Amino acid sequence: MSTQTDLPARWQELFGEPAAMRLASAEAPGGGNDAVGEDLAHSGGSWSKASVAAGELRITTAEGLGRMAAAHEGVQAGTAGLSATAALAAVRASWEERVSAVRDECGSVQSALRNVAPRRTATAGGRA
């Protein structure tokens with residue numbers, strides 16, 4: 001960890017005392033983890049809302065993939081012989097791969113978020 005004496009003189013002049021570091025999960029001096037001395041609270045509802053949003057994004061990206069496939073139907077036949085056809089196919093394949101990865105990740109995140117609130121409630125003594 002850097003201390004003031006480890007900093008070059010010009011940096012000490014510009015920035016002064018280096019900021020103290022502490023883990024976000026570490027309890028602040030005097031109890032609590034925020035400025036008013038209360039612990040961070042959350043509700044299962046916020047985790048559920050985030051899960052729903054991830055699920056909606058998964059569905060939307062899946063629908064987008066379907067619309068993209070439909071939009072490209074017949075492109076190769078209609079543009080046979082053009083050099084742009086191969087480039088378009090490469091770009092399409094790249095986008096399909098990326099959007100598919102987003103869709104899959106949203107499904108994974110949705111499942112994880114949906115499972116957070118019940119586990120958190122169990123470990124927080126009934127507080128969600």
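Along the sequence shown, residues carry numbers from 1. These figures come from a predicted structure and were not determined experimentally.
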Trainee: Applying the 4.5 Å side-chain criterion to the ILVMFWY set and letting contacts propagate, would V116 and V52 be lumped into a single cluster?
Mentor: no
Trainee: Could you tell me the separation between the CG atom of L88 and the CG atom of L82, rounded to the nearest 0.5 Å?
Mentor: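 Nearest 0.5 Å value for the CG-CG distance: 10.5 Å.
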Trainee: Quick one: does any side-chain atom of T61 pair with a main-chain N or O of V102 as donor and acceptor, under 3.5 Å?
Mentor: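 Flag not set: sc T61 to bb V102 has no pair under 3.5 Å.
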Trainee: Within the side chain of S51, is there an N or O that forms a donor-acceptor pair under 3.5 Å with the backbone of Q110?
Mentor: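 Yes, the answer is positive, given that a donor and an acceptor are paired below the 3.5 Å cut-off.
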Trainee: List the atom of A54, the atom of C106, and the distance in Å for their closest heavy-atom pair.
Mentor: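 Where A54 meets C106 most closely, the heavy atoms are O-CB, 3.4 Å.
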Trainee: Under the 6.0 Å and 45° cation-pi test, does R98 pair with W95?
Mentor: yes
Trainee: Report yes or no: do M68 and V91 belong to one cluster of Ile/Leu/Val/Met/Phe/Trp/Tyr joined by side chain heavy-atom distances under 4.5 Å?
Mentor: yes
Trainee: Can a donor-acceptor pair be found, under 3.5 Å and without considering hydrogens, that links the side chain of T60 to the backbone of E56?
Mentor: yes
Trainee: So how far is it from R58 CZ to S111 OG, rounded to the nearest 0.5 Å?
Mentor: 10.5 Å
Trainee: So, applying side chain to side chain contact (heavy atoms under 4.5 Å, CB included) with H72, which one of R92, R67, E96 is it?
Mentor: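 Single pass found, and it is R92.
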Trainee: Write down the atom of S100, the atom of L65, and the distance for their closest heavy-atom approach.
Mentor: OG-CD1, 3.5 Å
